[in-house]
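One structure below.
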There are 2 protein chains.
Amino acid sequence: MTTLMVADDHPLFRDAIGAVIAAGLPGTRLLEADSLARAMQEVERHEEVLDLLLLDLNLPDAEGLDGLSRLRDAYPALPVAILSAEQDRRTVLAAIEMGAVGYIPKSTPRGDLLAALRQLLGGQLYLPPQVMRRPPPAHPAPAVTAAPPDSRLARLTGKQLEVFELLSRGASNKGIARELDVAETTVKTHVSAILRKLGVASRVQAILLAGELDLARYRADRRSD
Amino acid sequence: MTTLMVADDHPLFRDAIGAVIAAGLPGTRLLEADSLARAMQEVERHEEVLDLLLLDLNLPDAEGLDGLSRLRDAYPALPVAILSAEQDRRTVLAAIEMGAVGYIPKSTPRGDLLAALRQLLGGQLYLPPQVMRRPPPAHPAPAVTAAPPDSRLARLTGKQLEVFELLSRGASNKGIARELDVAETTVKTHVSAILRKLGVASRVQAILLAGELDLARYRADRRSD
DNA sequence: GACGCCCTCCTCCCTTGGGAGGAGGGCCCT
DNA sequence: AGGGCCCTCCTCCCAAGGGAGGAGGGCGTC
């Protein structure tokens with residue numbers, strides 16, 4: 001089952017989102033929060049099953065992108081999309097650079113909203129059409145499309161990638177140690193570093209992430225450089 | 001990296017297999033064993049990275065399918081393919097029913113052998129063409145193509161499937177307990193049963209298996225029954 | 001009604017996983 | 001020569017995972 005959460009302080013708006021989802025994404029559970037604090041409480045309780053958090057930028061206890069920042073710090077692996085009335089180009093790009101997986105203007109038509117949600121739940125980035133169409137005038141779009149997916153992998157060192165490969169195939173720390181002929185404590189050090197760099201909390205999460213990231217292809221690419 | 005093992009008591013034959021693999025599956029590591037006992041020793045050491053074991057049916061310490069039986073008992077999750085001079089139809093079917101993922105006659109031409117190995121490493125079943133072409137005369141092919149992949153899932157009870165779904169999405173036992181509103185000990189009971197029925201040793205292995213088994217589709221199918 | 005299966009939950013016990021913190025050696029670059 | 005990064009390994013500590021074994025209640029079948 002798909003679970004998503006909307007954090008917005010306007011009950012009517014939450015209801016509207018709920019209606020759109022009920023109509024267009026049947027079987028989806030919607031959690032609601034009217035403040036960042038309450039949102040984080042809910043995330044704490046449902047983190048494992050939460051697929052996407054829609055975050056308003058005008059919550060009473062979070063000014064602008066500050067709320068996103070705090071969420072990213074607390075739950076680096078949780079997909080967060082911004083849902084906002086503002087459409088300022090720099091705000092959108094800043095949100096993406098802070099790790100948001102999407103930015104949905106509140107003015108988005110019903111049909112487009114559904115498409116955006118489906119796209120986000122499918123693991124794709126979503127940006128408002130205006131931003132997508134018109135590449136930035138000054139800078140050449142600082143890592144909006146390319147960097148997010150594999151930037152995390154790029155931060156891994158060579159040995160860490162080796163460990164990650166074995167880890168993602170289900171090997172235990174002990175098994176990895178045997179395979180690479182190092183001490184198990186060394187493997188644990190590598191694993192800790194990998195989890196930290198990937199922003200996940202357990203090897204299980206790392207394995208799921210490896211599936212999404214197409215680790216095998218990345219390693220092949222890197223080797224052929 | 002792909003790792004496979006050949007267990008055969010003829011050194012020359014092992015060499016021949018090695019040559020075929022070196023030529024057709026570059027980057028593949030080949031482990032060798034000249035007896036079932038030695039094979040099991042090697043499996044013990046490399047289980048996490050071993051992708052396929054090619055088992056001869058005429059090993060000095062294993063008569064016919066007995067070796068397969070012992071391997072299946074000890075390592076239910078290890079893919080084992082039979083490599084044999086015999087081509088008796090009943091032997092082939094018996095091997096598949098015992099959980100072998102394939103049966104390769106030693107008379108298989110070089111090119112076909114490579115194709116068979118690729119197919120097996122890709123997770124597909126491989127049977128000698130004679131058997132594949134001509135369906136059994138008496139019985140209607142007792143579960144050769146359909147049963148092996150999902151028979152394990154079919155053994156799970158309803159609650160176990162629910163737990164498996166959450167587990168496969170990375171949820172911890174505690175998270176599953178919250179989500180299903182039962183005690184964590186109950187979840188542990190379910191998880192133990194799931195691991196046993198799937199023939200895997202850890203939740204991590206179960207998650208990887210879920211990816212191969214297309215769990216989501218299975219659940220949908222079962223619900224729509 | 002007795003049996004079996006499922007779901008629930010418990011205790012006891014051990015292994016594995018992961019974090020914190022420290023430490024030494026190799027290698028590269030300035 | 002010094003600094004920085006990587007790899008290696010250690011100890012101490014705690015949380016999570018998993019097995020063994022037992023137990024009670026619900027529900028359907030024979």
Side-chain angles (χ1 to χ4, degrees), chain A residues 44-45 47-49 73-77 152-210 219 222, chain B residues 44 47-48 73-77 152-210 219 222:
Chain A
E44 190 64 43
R45 289 181 51 216
E47 192 181 7
E48 285 90 354
V49 297
D73 283 347
Y75 308 101
R152 294 197 293 240
L153 276 184
R155 297 176 55 200
L156 297 185
T157 66
K159 212 62 180 181
Q160 285 163 8
L161 260 186
E162 278 187 65
V163 171
F164 188 27
E165 160 109 41
L166 291 168
L167 183 160
S168 70
R169 291 172 56 182
S172 65
N173 288 342
K174 191 178 299 186
I176 297 172
R178 268 202 305 265
E179 186 67 15
L180 299 183
D181 197 27
V182 295
E184 189 180 343
T185 55
T186 303
V187 175
K188 291 175 75 173
T189 305
H190 288 315
V191 170
S192 290
I194 292 167
L195 299 185
R196 188 165 25 80
K197 289 185 179 177
L198 295 184
V200 296
S202 71
R203 75 196 294 109
V204 160
Q205 302 286 343
I207 289 173
L208 293 172
L209 192 59
R219 287 201 70 196
R222 196 191 256 206
Chain B
E44 191 63 46
E47 192 180 7
E48 285 90 354
D73 284 347
Y75 308 101
R152 294 197 292 240
L153 277 183
R155 297 176 55 198
L156 298 185
T157 67
K159 212 62 180 181
Q160 285 162 8
L161 259 186
E162 278 187 66
V163 171
F164 189 26
E165 161 107 42
L166 292 168
L167 182 159
S168 70
R169 291 173 57 184
S172 64
N173 287 342
K174 191 178 298 187
I176 296 172
R178 269 202 305 264
E179 186 68 13
L180 298 183
D181 196 29
V182 295
E184 190 179 342
T185 55
T186 303
V187 175
K188 292 175 75 172
T189 304
H190 287 315
V191 170
S192 290
I194 292 167
L195 299 185
R196 187 164 29 78
K197 289 185 179 178
L198 295 183
V200 297
S202 72
R203 73 195 295 108
V204 160
Q205 301 286 344
I207 290 172
L208 294 171
L209 193 58
R219 286 201 72 198
R222 197 191 257 208

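- Remark on DNA chain D: of its neighbouring residues A:Q160 and B:S192, the 5'-side contact belongs to A:Q160, judged by nearest-heavy-atom nucleotide.
- For D:dC6, neither phosphate oxygen OP1 nor OP2 lies less than 4.0 angstrom from any side-chain nitrogen or oxygen of A:H190.
- For the OP1/OP2 pair of D:dC6 and a distance below 4.0 Å, the side-chain nitrogens and oxygens of A:T157 include no atom meeting the criterion.
- Base contact: B:T189 has a heavy atom under 4.0 Å from a base atom.
- The CD-P distance, from B:E184 to D:dA15, rounds to 12 Å in whole Å.
- The distance between atom CG of A:L195 and atom C1' of C:dT16, rounded to the nearest whole Å, is 14 Å.
- Distance, B:I176 CD1 to D:dG18 P: 10 Å, rounded to whole Å.
- Taking the side chain as every heavy atom from C-beta outward, A:K197 and A:T157 approach each other to under 4.5 Å.
- Taking atom CD of B:Q205 as the reference point, atom C1' of C:dT16 lies 14 Å away to the nearest angstrom.
- Within 4.0 Å (heavy atoms only), A:K188 reaches at least one base atom of the nucleic acid.
- Atom P of nucleotide D:dA16 and atom CZ of B:R178 are separated by 10 Å, given to the nearest angstrom.
- Contact between B:I194 and B:F164 at its shortest, heavy atoms only, is CD1-N, 3.8 Å.
- Atom CZ in B:R196 sits about 10 Å away from atom P in C:dC6, given to the nearest Å.
- The nearest whole Å value for the distance from the CZ atom in B:R203 to the C1' atom in D:dG18 is 10 Å.
- For the pair B:V200/B:L208, no side-chain contact is recorded, criterion being any heavy-atom separation below 4.5 Å from C-beta on.
- Ranking D:dG17, C:dG18, D:dG18 by closeness to the A:S202 side chain, first place goes to C:dG18.
- A sub-4.0 Å separation between OP1 or OP2 of D:dA16 and a side-chain N or O of B:N173 is absent.
- Between A:T186 and D:dC9 there is a side-chain polar atom (N or O) within less than 4.0 angstrom of OP1 or OP2.
- Distance CD1/B:I207 to CZ/A:R203: 10.5 Å, rounded to 0.5 Å.
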